[in-house]
*Asks:* 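One structure is given below, represented as structure tokens, and several questions about it will come after.
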Amino acid sequence: MARSGDRDVRGQTLEAAAGNGLINRRALLGRGMVIAGAMGAGIGPSAAAGAEPLSDGPWSLEVGDPTPLYQVPSKFEAKVVRTLSNPNHEARNSHSRTPHHFLEGTTTPNGLHFTINHGGIPTIDPDKHRLVIHGLVKQPLEFTLETLSRYPMTSRVSFVECGGNSAPMFAPEPMQETVQALHGLASCAEWTGVKLSTLLEETGVDPRAKWLIAEGADSPHLSRSVPMQKALDDAMIALYQNGERIMPGNGYPMRLLLPGYEGNMNVKFLRRLKLVEQPGMSYYEARTYSPILPSGKAYRFYFLQEVKSFITHPSHGMALKGPGLHEISGIAYSGTGRIEKVMVSADGGKSWAQAALQEPVLSKAFTRFRLPWRWDGGPATLQSRAWDESGNVQPTRAEFVAARGQLDKPAPVLAFPNQHYNSITSWGVASSGEVKHVYA
Ligand SMILES: Nc1nc2c(c(=O)[nH]1)N[C@H]1C(S)=C(S)[C@@H](COP(=O)(O)O)O[C@H]1N2
Ligand SMILES: [Mo]
């Protein structure tokens, strides 16, 4: 609980919102809390500031570096990188995971967007690339990057998440892995391109068309069937990612963006859309990416990425530097729409406080949540739980396992046969300050 002596700059008492030190999110609305005074000894801003003039570092005494044509992060940020499933570049399906624990806000920088490429990253000459829309259309059309760019463009922020994201949590024991290893197959960007409905207006749609088959130009020619309803709703042929051309690993020069739908359906290096009556039952929709149920049955299709959240700060592998005020912060999203609320617990789910959501809260996009917390130095179990605007709620782990099962024995992070895991993640904080992945 917040102690009565803890006050924000307006002199208001930091109001307890739930057990084990959670503070009301309204404390974040003020002009800031008095952190230096509220921190434990030896951490936080120095109380002696202002007494002596600042000393000059060597960087203050010489002319700095020349300006590069394309800038990259500071060399001091070298640890902020993706992790690779095949670090030695073995020729097979390759995953790279977003380091959520090093990032803030809601936009994933392009260099850190996760990627999954089943046949490597093709080097596509944008001038030679073509997109064809055919099948059950009135008039088949072929587009170059140039002709596509003449259509009205729109931008939208959307997350992309692999159906296999968070699958390590199917393990019967909590895997001692970072938020990057557990949840790094989800990222969020602003995508700009042409709405698919605009192009389908021009080709015309035969009323018999119920699906379209999207195909990529990479060597596996990855293809997925997409319901026409989604194609005519918010599907986009994306050409830009956070303002610049789509990264090679994310589908250069164009990809299908299906906001809120399973990552695999967002076909990259997009070269063909064929309108058909029946789904194609391609490799990735017939064999992979369908959740397996405890009964042994599998879903035929499972397109939606359901409501999920996880705390990124603090999270597994970090160490709190001492009791006192800390901010709990994380990411929430739902393939159905906007995030309605996120609740946070510091006592393993016994009591909950509502987190502040950073505006703007966008549909099918990452939403950052925050809550102040006074850690008393004792054990704590941190959890977050999200609700979306349609009333869908993130399941507890017990609820999820009851419905969807778990593995009998541990498996390596990469070898998870099941998909679409979205239950609550728990981080255990020990008295030493060490943070570990736990099940609660
Ligand atoms: N052509 C093609 N499209 C593809 C893939 C691929 O290997 N080839 N991988 C799919 C998978 S499994 C996922 S999860 C998403 C990942 O999108 P990203 O790499 O932009 O994050 O792309 C999908 N689209
Ligand atoms: Mo995926």
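Indexing begins at 1, ligand by ligand and atom by atom, following the structure's order.
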*Asks:* I'd like to know whether the aromatic ring centres of Y284 and H118 sit less than 6.0 Å apart in this structure.
*Replies:* yes

*Asks:* For atom CD of E90, is the number of surrounding heavy atoms from other residues, nucleotides or ligands below 6.0 Å larger than 12?
*Replies:* yes

*Asks:* Centroid separation under 6.0 Å, is that true for the rings of H420 and Y289?
*Replies:*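 Aromatic pair excluded; centres sit 6.0 Å or further apart.
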
*Asks:* I'd like to check whether N117 has a polar contact with ligand 1, where a contact means an N/O of the residue lying under 3.5 Å from an N/O of the ligand.
*Replies:* no

*Asks:* Check for me whether the distance between the ring centres of W191 and H113 falls short of 6.0 Å.
*Replies:* yes

*Asks:* Other residues, nucleotides and ligands only: do more than 12 of their heavy atoms fall within 6.0 Å of CD on E434?
*Replies:*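 No, the 6.0 Å shell around CD holds no more than 12 heavy atoms from other groups.
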
*Asks:* Pairs of nitrogen or oxygen atoms closer than 3.5 Å, one from L222 and one from ligand 1: do any exist?
*Replies:* no

*Asks:* Once you restrict to heavy atoms under 4.0 Å, what part of F269 touches ligand 1? Side chain, backbone, both or neither.
*Replies:*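 For F269, only side-chain atoms sit under 4.0 Å from ligand 1.
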
*Asks:* In this structure, does ligand 1 have an atom that sits under 4.0 Å from one of the heavy atoms of Y289?
*Replies:* yes

*Asks:* Just to confirm my output: which protein heavy-atom neighbour is closest to atom 21 (O) of ligand 1, and how far is it?
*Replies:* F114 O, 2.7 Å

*Asks:* Write out the residue and atom name of the closest protein heavy atom to atom 2 (C) of ligand 1, then the distance separating them to 0.1 Å.
*Replies:* D218 OD2, 3.3 Å

*Asks:* Could you check whether R224 and N264, counting side-chain N and O atoms only, form a donor-acceptor pair closer than 3.5 Å?
*Replies:* yes

*Asks:* Once you restrict to heavy atoms under 4.0 Å, what part of H113 touches ligand 1? Side chain, backbone, both or neither.
*Replies:*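 It is the side chain that touches ligand 1; the backbone stays farther off.
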
*Asks:* Around atom 11 (C) of ligand 1, find the nearest protein heavy atom and jot down its residue, atom name and distance.
*Replies:* N264 CA, 3.5 Å

*Asks:* Quick one: do R368 and E104 make a salt bridge, cutoff under 4.0 Å?
*Replies:* yes

*Asks:* Would you check if the side chain of R397 reaches a backbone N or O of M169 as a donor-acceptor pair within less than 3.5 Å?
*Replies:* yes

*Asks:* Between W427 and Y439, is the ring centroid distance below 6.0 Å?
*Replies:* no

*Asks:* Under a 4.0 angstrom heavy-atom cut-off, which atoms of ligand 1 come close to N266?
*Replies:* 22 (O), 23 (C), 24 (N)

*Asks:* To the nearest 0.1 Å, how far is atom 3 (N) of ligand 1 from its closest protein heavy atom, and which atom is that?
*Replies:*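 For this ligand atom, the closest protein heavy atom is K268 N, 2.9 Å.
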
*Asks:* For the backbone of L22 and the side chain of R374, can you confirm whether one donor and one acceptor N or O come within less than 3.5 Å of each other?
*Replies:* no

*Asks:* Decide whether the shortest distance between a heavy atom of G249 and an atom of ligand 1 is less than 4.0 Å.
*Replies:* yes

*Asks:* Which atoms from ligand 1 have a heavy atom of N250 less than 4.0 Å away?
*Replies:*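 Selected atoms, number and element: 18 (P), 19 (O), 20 (O), 21 (O).
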
*Asks:* Which ligand 1 atoms are under 4.0 Å away from a heavy-atom of T115?
*Replies:*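 So the answer, numbered in order with elements, is 19 (O), 21 (O).
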
*Asks:* Judged by non-hydrogen atoms, does R255 sit under 4.0 Å from ligand 1?
*Replies:* yes

*Asks:* When you compare the side chains of S166 and H183, does any donor N or O come within less than 3.5 Å of an acceptor on the partner?
*Replies:*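 Per modelled atom types, S166 and H183 side chains form a pair under 3.5 Å.
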
*Asks:* Show which atoms of ligand 1 fall inside a sub-4.0 Å distance from at least one heavy-atom site of C162.
*Replies:* 14 (S)

*Asks:* Could you tell me the residue and atom name of the protein heavy atom closest to atom 9 (N) of ligand 1, and the distance to it rounded to 0.1 Å?
*Replies:* I116 O, 3.1 Å

*Asks:* Within the 4.0 Å heavy-atom shell around G263, which atoms of ligand 1 are there?
*Replies:*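 Reading through ligand 1 atom by atom, the close ones are 13 (C), 14 (S), 15 (C), 22 (O), 23 (C).
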
*Asks:* For the rings on F170 and Y421, is their centre-to-centre separation under 6.0 Å?
*Replies:* yes

*Asks:* Starting from atom 7 (O) of ligand 1, what is the nearest protein heavy atom, named by residue and atom, and what distance separates them?
*Replies:*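 Result for atom 7 (O) of ligand 1: H118 N, 2.9 Å.
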
*Asks:* Could you tell me whether some N/O pair between W191 and ligand 1 is separated by less than 3.5 angstrom?
*Replies:* no

